[in-house]
Amino acid sequence: MSASNIADYGIIGPGSIGLLWAVKLRAAHSVALWGRSGPVGLSLEFMQGETISESFTFEPRGQAPGTALVTTKAYDTVRALDGAIKRWRQPPRAIVLFQNGVGSQDEVQQRFDHIPLLAVSTTEGANRTADGALVHAGSGLTRLGPLNASGAAWAEKIGADFCAAGFDTRLETDIRIALWEKLLINAGINAFTVLLDCPNGALLGHSFFEDRLPPLCYELAVVSQASGYPATAEIIEARIRTVAEKTAGNISSMLQDVRSGRPTEIDVINGAVVRAGIALGIATPVNRMLADAVAARTR
Ligand code: KPL
């Protein structure tokens, strides 16, 4: 850490993805974690079979980090940021939001627009094993871009740090397009993995998934086109199939939530599509069925 004791990066809500960033950024930066509790020692298994062990301390109060990476679940974002910012003597220089789906980014912007804000959409895959080890399950693309004007000044520096840490990072001028594109993929994978209790790749060829995917993609295309994010049903379906294939062994974040007894992010994924459909006068029966079925499963 620097002389002023300010960590370069602080991870708020360190789950699998937050810990992956913590471990990889630590090669070149000071990193602090903010969360309820957590591992002091952590072993990270890489896809190539390499394992490294790291230890982190949690920082319940004190100085804000230089840049706060918020890796909480979408439904926890504002509460966690509020709590952290109240405890810090000064706000962080920038905040980067890693949440799935759409909606939580707007809530953060409504409250903290005076701070430089950026968002990330990533297809990196990380899982925790039963004994607490972190497994880097799949490399992906990380898309980073500003949510407000002051965030734009930070995109290049943070993007360069992510690249140097080994994340394939692309800067976006309109990060909301990337968030929407990821939402469409999550809308076609996550709920199905919960209902079928299977890894992503096992969806392909399963009749429950195959029968519902084309009408789901039609709904997603109509809603995203009307929301200003053009994509055809065929393109959406092809992307969902490619991601399910590439992350075949991955347990989706939603199924990980269900298995750990946590609330799911269904409300900001298929639930967000249903709400957008209502606002636009577009029927979304398949999205509604998935949202209701996951809610019923986790009630
Ligand atoms: O983002 C994901 C998730 O699990 O939330 C996918 C891309 C579906 C990978 O598992």
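Side chains are part of it too, since the values below use all heavy atoms of this structure and drop only hydrogens, waters and symmetry mates. Counting convention: from 1, in listed order, for ligands and their atoms alike. All values reported here derive from a predicted model rather than from experimental measurement.
- Contact annotation: for Asn190 versus ligand 1, heavy atoms closer than 4.0 Å belong to the side chain alone.
- The proximity of Lys182 to ligand 1, defined as any non-hydrogen pair under 4.0 Å, is limited to the side chain.
- For ligand 1, the atoms closer than 4.0 angstrom to any heavy atom of Asn100 are 5 (O).
- Looking only at side-chain heavy atoms (C-beta outward), Phe98 and Ile11 stay at 4.5 Å or farther from each other.
- Ring geometry, Phe208 versus His206: the interplanar angle exceeds 60°, so the pair is classed perpendicular (tilted spans 30 to 60°).
- Residue Asn186 holds the heavy atom nearest to atom 6 (C) of ligand 1 of all those in Asn186, Ile189, Ile269.
- Remark: Arg176 engages Asp106 in a salt bridge, criterion side-chain N to carboxylate O under 4.0 Å.
- Salt-bridge annotation for Asp76 and Arg79: present, with a side-chain N of the basic residue lying under 4.0 Å from a carboxylate O of the acidic one.
- Residue-ligand proximity: Asn200 is placed with a non-hydrogen atom under 4.0 Å from ligand 1.
- Taking a cut-off of under 4.0 Å to the non-hydrogen atoms of Asn250, the atoms of ligand 1 that pass are 9 (C), 10 (O).
- Note: Phe162 and Tyr9 have tilted aromatic rings, judged against thresholds of 30 and 60 degrees for the angle between ring planes.
- Proximity to Ser252 (heavy-atom distance under 4.0 Å) selects the following atoms of ligand 1: 4 (O), 10 (O).
- Not a single heavy atom of Gln256 sits under 4.0 Å from any atom of ligand 1.
- Counting only heavy atoms of the protein, atom 7 (C) of ligand 1 lies nearest to Val243 CG1, 3.7 Å.
- Hydrophobic clustering of Ile, Leu, Val, Met, Phe, Trp and Tyr side chains at less than 4.5 Å, counting indirect connections, unites Ile282 with Leu184.
- The shortest side-chain heavy-atom distance between Val222 and Thr284 does not fall under the 4.5 Å cut-off.
- For atom 4 (O) of ligand 1, the choice among Ser253, Ala187, Ser16 with the nearest heavy atom turns out to be Ser253.
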